[in-house]
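Structure first, commentary second.
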Amino acid sequence: AQIYLSGSVLPSFVVTNRSAFEDGQTAFGLPMELSAGVLVHLFKSIDLNLSAAEEIGKVQGSDLSGFSGTTGIRAAL
């Protein structure tokens with residue numbers, strides 16, 4: 001089994017068009033993502049990946065925070 005940790009900065013740029021209700025807006029933010037996982041070797045050319053990630057940050061009042069989990073199978077061809 002191979003354990004891994006990673007971190008990412010997710011630059012986000014939002015542009016909205018002008019509408020009948022408000023002027024267009026432009027916003028920029030730097031949310032971050034932290035993840036950890038394990039890659040388990042099952043067979044000769046098949047691996048199982050299990051990971052979890054936490055996203056944190058805001059872009060002009062919009063909260064982008066969340067938690068996610070991922071499971072995948074990797075097979076060499």
Side-chain angles (χ1 to χ4, degrees):
Q2 182 180 11
I3 297 172
Y4 61 89
L5 299 172
S6 68
S8 302
V9 176
L10 310 169
S12 300
F13 186 65
V14 177
V15 178
T16 63
N17 293 327
R18 184 177 182 167
S19 72
F21 301 105
E22 67 180 7
D23 291 334
Q25 295 184 359
T26 303
F28 180 77
L30 291 172
M32 296 190 323
E33 178 181 77
L34 305 171
S35 62
V38 62
L39 187 64
V40 180
H41 184 68
L42 298 177
F43 301 108
K44 183 177 181 181
S45 61
I46 298 177
D47 297 321
L48 174 67
N49 181 44
L50 302 169
S51 65
E54 177 73 26
E55 297 83 18
I56 53 175
K58 291 184 178 186
V59 176
Q60 192 173 358
S62 295
D63 189 3
L64 303 178
S65 299
F67 180 81
S68 61
T70 304
T71 302
I73 295 177
R74 182 186 300 182
L77 300 176

Applying a strict under-4.5 Å side-chain criterion to I, L, V, M, F, W and Y, I'd like to know whether L50 and L42 cluster together.
yes
Return each pair, listed once, that meets salt bridge (charged side-chain N to carboxylate O under 4.0 Å, His left out) where at least one residue sits in residues 48-69; pairs must be two or more places apart or across chains.
none
Considering non-hydrogen atoms only, spot the tightest contact between Q60 and T26 and give its length.
OE1-O, 3.6 Å
Does N49 form a side-chain contact (heavy atoms from CB on, under 4.5 Å) with Y4? I'd like the steps, not just the answer.
CA-CA 10 Å; N49 181 44; Y4 61 89; 2.8 Å; yes
Spacing of CD1 belonging to I73 relative to CD1 belonging to I46, to within rounding of 0.5 Å
7.5 Å
Tell me the salt bridge (charged side-chain N to carboxylate O under 4.0 Å, His left out) pairs involving residues 5-31, sequence neighbours left out?
R18-D23
Could you check whether any side-chain N or O of T16 sits under 3.5 Å from a backbone N or O of Q25, counting only pairs where one atom can act as donor and the other as acceptor?
yes
Test log, rule side-chain contact (heavy atoms from CB on, under 4.5 Å), inputs V59 and F13
CA-CA 8 Å; V59 176; F13 186 65; over 6 Å; no
Do L34 and F67 belong to the same hydrophobic cluster, where Ile, Leu, Val, Met, Phe, Trp and Tyr are linked whenever their side-chain heavy atoms lie under 4.5 Å apart, directly or via other members?
no
Hydrophobic cluster identity match, L5 and V38, side-chain contacts under 4.5 Å:
no
S8 side chain to L10 backbone, donor-acceptor under 3.5 Å:
no
Assess the residue pair L48 and R74 against the criterion (side-chain contact (heavy atoms from CB on, under 4.5 Å)); give the C-alpha distance rounded to whole Å, side-chain angles, the decisive distance to 0.1 Å, and a yes or no.
CA-CA 6 Å; L48 174 67; R74 182 186 300 182; over 6 Å; no
First locate atom OG of S68, then atom CD of E33, and finally report the distance between them rounded to the nearest 0.5 Å.
6.5 Å
For side chain to side chain donor-acceptor pair (under 3.5 Å), just list the numbers for S35 and S6, CA-CA rounded to whole Å, side-chain angles, deciding distance to a tenth of an Å, and then say yes or no.
CA-CA 5 Å; S35 62; S6 68; 2.5 Å; yes
